[in-house]
Amino acid sequence: MKINSWVDLHTHSTASDGTLTPRQLIDSASEAGLSGLALTDHDTGNGLVEAQKRAESIGLRFVPGIEISAEYPHPGTLHILGYFIDPLSPALGEMSRILLAGRNARNPRIVKRLNELGCPVTMEQVSEIAHRGVPEGRPVVVGRPHIAQALVEANCVATSKQAFDLYLGVTGSAYFDKERLTPRETLDCIHQSGGVAVLAHPVQLRTGNHAELQNVVGNLKDMGLDGIEAWHSDHRPPESELFLEIARRYSLVPTGGSDFHGANKPDINLGLGRNGVRVPMAVLDRLEEFWKTKAYLPKAIGKSKTESSHAE
Ligand code: AMP
Ligand code: ZN
Ligand code: FE
Ligand code: FE
């Protein structure tokens, strides 16, 4: 067994707004020296089967995951990661359908507003960007990073960051919110998809102080939250320490990942984030152990688990 082995538990592929296909992502993880990877695309499990197959064939430990943005007051954002979800579960399919309908209503509104502001981008261009490198007919979740790239290619902005600062971020002039699930609905859907639910990058909650942060985490824990992402590209070391302390206090499993998006976030390296922090395999071991203890959830028993060890 390798003494030092590392994992990345927060990554995006072309199934949402990353630029590597699920297969390329697994190969890149292996090339980067990682021993385990979770794919956590926004709102969809469509990349999971491809990633899982490739991971099996090259001997990389793989965790099927998802990332969902739940209702939360601005300017903060509340993202929940699901781990060990069953890609074929009906609850996951139903949740994705709802979330995609929200995006399909929002994206054209953003594009229309951009046109009114003098930026000549179209939904066709955005869609073409989102589908780059993706095999014909494969569904893709279209998000703001694709619109940002369309703005760069139309010479409306110099960089994707500028697109978010001026237009697409919550304070931007073409920002529209999308229909979201409540935190409770999100946690329930993840559990019903067979997964455990982890609060992503808690810094993005933008809570004003420790008391407020603990209040949010405590409420989520009461609704069924299982874990908290301690290591992330947006976390400085003291913040990671704080979230580890909160994990201990609320009996939450700590996790970590880079939030790799390929060329859509070029400053984030797979397995290293933008701050060089690495997540040891023991973190994944603990997460998986915890997930196994949750297998009592009636709808949580995925096909493979039912076949192998659970008779109910
Ligand atoms: P969407 O799912 O369409 O709401 O877009 C979410 C994606 O946009 C995530 O990958 C975020 O990291 C990215 N994003 C959100 N706000 C910003 C920002 N201010 N700058 C860069 N990327 C952002
Ligand atoms: Zn993203
Ligand atoms: Fe996120
Ligand atoms: Fe993410």
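In this chain, residues are counted from 1 in sequence order. Remember, it's 1-based here, ligands and their atoms both numbered in the order they're listed.
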Is the contact between R106 and ligand 1 made by the side chain, the backbone, both, or neither, using heavy atoms and a 4.0 Å cut-off? side chain
Check each of D17, D259, T159, N107 against atom 7 (C) of ligand 1 and report the one with the nearest heavy atom. D17
Residue D259 atom name (nearest to the Fe ion (ligand 4); N/O/S): OD1
Consider ligand 1: state whether an atom of it lies below 4.0 angstrom from any non-hydrogen atom of H12. no
Tell me, please, if H79 has any N/O/S atom, main chain or side chain, under 2.8 Å from the Fe ion (ligand 4)? no
Under 4.0 Å, counting heavy atoms only: does G169 come that close to any atom of ligand 1? no
Contact partition for K265 relative to ligand 1, non-hydrogen atoms under 4.0 Å: side chain
Sub-4.0 Å atoms of ligand 1 with respect to non-hydrogen atoms of R103: 1 (P), 2 (O), 3 (O)
Tell me: protein heavy atom nearest atom 15 (C) of ligand 1, and distance? F164 CE2, 3.5 Å
Take every heavy atom of K161, measure it against each atom of ligand 1, and state whether any distance is under 4.0 Å. no
Less than 6.0 Å separating the ring centroids of H12 and F260? no
Just to be sure I read this right, does ligand 1 sit under 4.0 Å from the backbone of H42, its side chain, both, or neither, counting only heavy atoms? side chain
If I take every N, O or S atom of H201, is at least one of them less than 2.8 Å from the Fe ion (ligand 4)? no
At less than 4.0 angstrom from any non-hydrogen atom of K178, what atoms of ligand 1 do you find? 2 (O), 4 (O)
Restricting to N, O or S atoms of E67, which is nearest to the Fe ion (ligand 4)? OE1
Working for salt bridge (charged side-chain N to carboxylate O under 4.0 Å, His left out), residues D285 and R61: CA-CA 11 Å; D285 289 337; R61 199 163 154 193; 2.8 Å; yes
